[in-house]
Enquirer: 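Questions regarding the structure given below will be posed in turn.
These numbers come from a predicted model, not from an experiment.
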Amino acid sequence: MDISLVEETPFRFRIEPRGPMRVPGVVFATSALLPQAASGEALEQVANVATLPGVVRASYAMPDVHWGYGFPIGGVAATDADDGGVVSPGGVGFDISCGVRLLAADIDRDGLGPHLRKLMDVLGDTIPRGMGRGGLWKLSGPAEMEELLVGGARYAVEHGHGVPRDLAFCEDEGTLEDADPSQVGERAVERGLQQVGSLGSGNHFLEVQAVDRVHDERVASAFGLRPGRVCVMIHCGSRGLGHQVCTDHVRVMDRSLHRYGISLPDRQLACAPVDSPEGRAYLGAMAAAANYGRANRQLLTEAVRRAFATATGAGVDLVYDVSHNMAKIETHRVDGASRRLCVHRKGATLALPPGDPDLPEELSEAGQPVLVPGTMGTASYVLVGERENDAFHSACHGAGRVWSRHQALREVRGEALRDALESRGIAVRPSSWRGLAEETPEAYKDVDAVAAATEGAGLARLVARLVPVGVVKG
């Protein structure tokens with residue numbers, strides 16, 4: 001499909017509907033970011049998503065958009081659940097409920113300095129990471145796994161892995177209530193039993209950071225952020241369990257397409273009506289995998305607390321936890337009417353505005369923290385949701401890749417990257433040199449430009465910029 005863009009504003013571009021597209025495509029970007037967005041046929045995927053049955057308003061792409069499985073990463077689309085709308089596992093991704101958790105420590109950067117090496121050694125020694133590695137919590141078997149899939153982070157806290165306050169500052173209070181473990185296959189359970197409390201590999205990380213700049217003092221104060229304060233950002237998801245859930249349900253939906261008369265430009269968009277047996281089965285399994293991902297980040301939070309207590313004596317509180325690979329049933333106004341929508345956010349984070357009823361009371365006046373990790377050598381951002389966001393209250397989830405992992409390996413050696421980062425005062429604890437090289441900062445867009453475009457597009461507002469002082473890589 002030949003993709004042409006019409007500039008609506010300096011931060012918003014439109015793909016006019018053509019052929020089987022049911023709605024336009026909308027790309028939030030700048031002219032400088034667009035060439036990167038166009039690479040890997042990501043914009044063609046935006047147009048393809050606009051052909052899904054029941055899709056409403058637009059197929060959206062966030063400023064960090066890049067090519068993915070079926071949906072682009074950084075893609076957002078909502079379908080009308082009561083008017084033939086579908087759910088597509090490709091609109092969630094293989095790492096279900098992959099997300100970001102931000103913690104704030106009772107110590108500033110200057111105070112951490114003498115303890116940084118010890119802290120990073122403890123984290124490096126105790127955080128399980130890498131492909132297929134074990135986790136911090138060895139579940140006893142499928143019966144206990146079922147309880148965790150139903151209870152999520154709440155189950156972890158109830159079993160001593162955290163404090164009740166943690167749940168208040170998690171999206172959905174750490175648990176999706178409509179999880180259906182019976183739709184999670186045996187192989188998925190086997191893969192997940194030994195991985196609760198682990199980072200995994202790829203772009204997942206645990207990063208010690210410091211607040212470098214505050215853009216909005218009032219909101220930053222509500223989030224507990226101030227210049228120099230040490231924070232920890234955790235980026236991980238549902239590990240092998242979530243990947244297997246996606247694999248299993250894509251296969252089922254692909255086989256059912258003809259039954260519902262669905263024709264797609266890309267079989268990776270395999271889907272089923274939201275209220276069909278296949279749609280309900282996937283949503284129940286997805287919610288269970290999401291609960292696994294949230295419990296996973298809860299276990300890692302406790303490991304961070306123990307490390308800080310050992311190395312610095314400082315306490316650690318949760319700022320917020322939000323997922324960026326989800327499909328959720330939400331109510332939004334479309335064309336003047338309230339509709340029950342299935343909102344897919346793949347590589348896109350929820351960005352609730354001030355006053356939203358789903359926010360904890362302590363954040364109601366400020367709005368929801370939007371957590372945008374950058375790269376090991378650059379920065380990360382905390383933003384806050386805006387009221388006028390028409391992309392179903394969604395925002396970007398990171399910087400967005402521009403190099404493939406193969407290209408990164410051709411360009412960078414892990415040992416040299418480690419030395420370069422250490423020379424800048426960033427302590428690095430990788431699980432492998434190859435994995436470190438694949439995640440070189442040059443492989444990603446400029447996170448400062450992505451954050452500025454997100455604000456310029458009215459999706460979320462800048463609150464604080466954080467810079468890395470130490471990183472544990474998966």
Enquirer: Quick one: do R294 and D172 make a salt bridge, cutoff under 4.0 Å?
Expert: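 Salt bridge flag = yes for D172 with R294.
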Enquirer: Take Q298 and R154 through the side chain to side chain donor-acceptor pair (under 3.5 Å) test and state the conclusion after the steps.
Expert: CA-CA 9 Å; Q298 184 63 42; R154 182 179 63 215; over 6 Å; no
Enquirer: Using 4.0 Å as the upper bound for N to carboxylate O, is an ion pair formed by R418 and E415?
Expert: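 Not counted as a salt bridge, because no side-chain N and carboxylate O are separated by less than 4.0 Å.
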Enquirer: Please confirm whether the backbone N or O of T349 pairs with a side-chain atom of H324, one donor and one acceptor, at under 3.5 Å?
Expert: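 Not confirmed, H324 side chain does not pair with T349 backbone.
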Enquirer: So, does T440 use its side chain to make a donor-acceptor pair with the main chain of A443 at under 3.5 Å?
Expert: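 Not confirmed, T440 side chain does not pair with A443 backbone.
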Enquirer: Using a 3.5 Å distance criterion without hydrogens, assess whether the side chain of K346 forms a donor-acceptor pair with backbone atoms of A77.
Expert: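 Here the side-chain-to-backbone pair does not exist.
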Enquirer: At what distance, to the nearest 0.5 angstrom, does CE of M326 lie from NE2 of H344?
Expert: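 So the CE of M326 and the NE2 of H344 are separated by 11.0 Å.
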Enquirer: Kindly determine whether N325 and S238 satisfy side-chain contact (heavy atoms from CB on, under 4.5 Å), including the steps that lead there.
Expert: CA-CA 10 Å; N325 279 4; S238 50; over 6 Å; no
Enquirer: Just verifying a value: how many Å separate H249 NE2 and L283 CG, rounded to the nearest 0.5 Å?
Expert: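 With rounding to 0.5 Å, NE2 (H249) is 10.0 Å from CG (L283).
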Enquirer: If the plane angle is over 60° it's perpendicular, under 30° parallel, otherwise tilted; pick one for W137 and H159.
Expert: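 Taking H159 first and then W137, their aromatic rings sit tilted (interplane angle of 30° to 60°).
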Enquirer: For V26 and A58, work out which heavy atoms get closest and say how close.
Expert: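 Heavy-atom minimum between the residues: CG2-CB, 3.8 Å.
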Enquirer: May I ask you to decide if A47's main-chain N or O and S59's side chain share a donor-acceptor pair within less than 3.5 Å?
Expert: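 Side chain of S59 to backbone of A47, a donor-acceptor pair under 3.5 Å: no, none is there.
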Enquirer: Rounded to the nearest 0.5 Å, what's the gap from NE2 on H66 to CD on E41? Could you check?
Expert: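 Going from NE2 on H66 over to CD on E41, the span is 14.5 Å.
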Enquirer: Once rounded to the nearest 0.5 Å, what's the spacing between atom CD of E146 and atom OH of Y155?
Expert: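 So the gap between those two atoms works out to 10.5 Å.
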Enquirer: Is the shortest heavy-atom distance from the side chain of V384 to the side chain of F223 under 4.5 Å?
Expert: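 They are in contact (side-chain heavy atoms under 4.5 Å apart), so the answer is yes.
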Enquirer: To the nearest 0.5 Å, tell me how far C246 SG sits from L241 CG.
Expert: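 Rounded to the nearest 0.5 Å, the SG-CG separation comes out at 12.0 Å.
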Enquirer: Passes side-chain contact (heavy atoms from CB on, under 4.5 Å), L148 versus Y292? Steps please.
Expert: CA-CA 7 Å; L148 183 139; Y292 182 100; 3.7 Å; yes
Enquirer: Apply the test side chain to side chain donor-acceptor pair (under 3.5 Å) to residues R333 and S338: give CA-CA distance (whole Å), side-chain angles for both, the deciding distance (0.1 Å), then the verdict.
Expert: CA-CA 4 Å; R333 291 191 68 80; S338 292; 3.3 Å; yes
Enquirer: Kindly check if the number of other-residue, nucleotide or ligand heavy atoms within 6.0 Å of CD (E330) is above 12?
Expert: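 Atom CD in E330 is packed in, count exceeds 12.
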Enquirer: Less than 4.5 Å apart, side chain to side chain, heavy atoms only: is that true for Y260 and V86?
Expert: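 A side-chain contact under 4.5 Å is absent here.
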Enquirer: What do the steps show when you test L103 against I234 for side-chain contact (heavy atoms from CB on, under 4.5 Å), and what is the final call?
Expert: CA-CA 8 Å; L103 313 169; I234 301 171; 4.1 Å; yes
Enquirer: Is it the case that the side chain of E144 and the backbone of S140 share a donor-acceptor pair, with hydrogens and angles ignored and the cut-off at 3.5 Å?
Expert: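 Indeed, once roles are kept as given, a pair shorter than 3.5 Å links the two residues.
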Enquirer: Once rounded to the nearest 0.5 Å, what's the spacing between atom CZ of R340 and atom CG of D82?
Expert: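 If I round to the nearest 0.5 Å, the distance is 4.0 Å.
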Enquirer: What are the two closest non-hydrogen atoms of C170 and L318, and how far apart are they?
Expert: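 C170 and L318 have their closest heavy atoms at SG-CD2, 3.9 Å.
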Enquirer: If every non-hydrogen atom of L421 is compared with every non-hydrogen atom of G377, which pair is closest and at what distance?
Expert: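 Taking L421 first and G377 second, the nearest heavy atoms are CD2-CA, 3.8 Å.
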Enquirer: Please check if the side chain of S276 supplies one atom and the backbone of G279 the other of a donor-acceptor pair under 3.5 Å.
Expert: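 Yes, because the side chain of S276 sits within donor-acceptor range (under 3.5 Å) of the backbone of G279.
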Enquirer: Verify the distance criterion only: is there a donor paired with an acceptor across the side chains of R306 and T126 at less than 3.5 Å?
Expert: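 The criterion, which ignores hydrogens and geometry beyond distance, is not satisfied for T126 and R306.
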Enquirer: Using the six-membered ring wherever Trp is involved, compare the ring planes of H332 and H393 and label them parallel, tilted or perpendicular (cut-offs 30° and 60°).
Expert: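 If you compare the ring of H332 with that of H393, the planes turn out tilted.
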Enquirer: Do P53 and T79 come close enough that some side-chain heavy atom pair is under 4.5 Å?
Expert: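 No; the side chains remain at least 4.5 Å from each other.
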Enquirer: Measure across C236 and L199 and return the closest heavy-atom pair with its distance rounded to 0.1 Å.
Expert: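 For C236 versus L199, the nearest heavy atoms are CB-O, 3.6 Å.
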Enquirer: State whether the side chain of R345 and the backbone N or O of F392 hold a donor-acceptor pair below 3.5 Å, judged by distance alone.
Expert: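 At least one qualifying donor-acceptor pair exists.
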Enquirer: For D356 and Q368: C-alpha separation, side-chain torsions, deciding distance, then whether side chain to side chain donor-acceptor pair (under 3.5 Å) applies.
Expert: CA-CA 9 Å; D356 191 281; Q368 181 215 305; over 6 Å; no
Enquirer: Which is it for E439 and R401 under the side-chain contact (heavy atoms from CB on, under 4.5 Å) test, yes or no, and what are the steps along the way?
Expert: CA-CA 9 Å; E439 295 302 310; R401 286 196 81 95; 3.0 Å; yes
Enquirer: Do W433 and R413 make a side-chain contact, defined as non-hydrogen atoms from C-beta onward lying under 4.5 Å apart?
Expert: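 No; the side chains remain at least 4.5 Å from each other.
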Enquirer: Treating D64 as the side-chain partner and A399 as the backbone partner, does any N or O pair qualify as donor plus acceptor under 3.5 Å?
Expert: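 A pair under 3.5 Å: no.
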Enquirer: Taking 4.0 angstrom as the limit, do R57 and D390 come out as a salt bridge?
Expert: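 No, no charged N to carboxylate O under 4.0 Å.
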Enquirer: Is there a side-chain contact between I329 and C342 in this structure, where contact means two heavy atoms from C-beta onward sitting under 4.5 Å apart?
Expert: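 Contact flag for I329/C342 side chains = yes.
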Enquirer: State, with a plain yes or no, whether a side-chain heavy atom of L43 is found less than 4.5 Å away from one of L5.
Expert: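 Of all side-chain heavy-atom pairs linking L5 with L43, at least one is under 4.5 Å.
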Enquirer: For the pair S432 (side chain) and G435 (backbone), establish whether a donor and an acceptor sit closer than 3.5 Å, ignoring hydrogens and angles.
Expert: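 Confirmed, S432 side chain pairs with G435 backbone.
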Enquirer: Going through the checks in order, is the side chain to side chain donor-acceptor pair (under 3.5 Å) test met by R129 and S431?
Expert: CA-CA 7 Å; R129 58 199 191 276; S431 62; 4.8 Å; no
Enquirer: Looking only at heavy atoms, what is the nearest atom pair of H235 and N203, with distance?
Expert: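 Looking at all heavy atoms of both residues, the closest pair is ND1-O, 3.2 Å.
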Enquirer: Taking all heavy atoms of N291 and all of G174, pick out the closest pair and write down the distance.
Expert: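 That would be OD1-O, 4.2 Å.
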Enquirer: Would you indicate whether the side-chain heavy atoms of P373 and F205 approach each other to under 4.5 Å?
Expert: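 Heavy-atom side-chain distance check passes, below 4.5 Å.
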Enquirer: Quick one: does M62's side chain get under 4.5 Å of T454's, heavy atoms only?
Expert: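 M62 does not reach T454 side chain to side chain.
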Enquirer: Does D80 reach the main-chain N or O of L341 with its side chain, forming a donor-acceptor pair under 3.5 Å?
Expert: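 Judged by distance alone, no pair lies under 3.5 Å.
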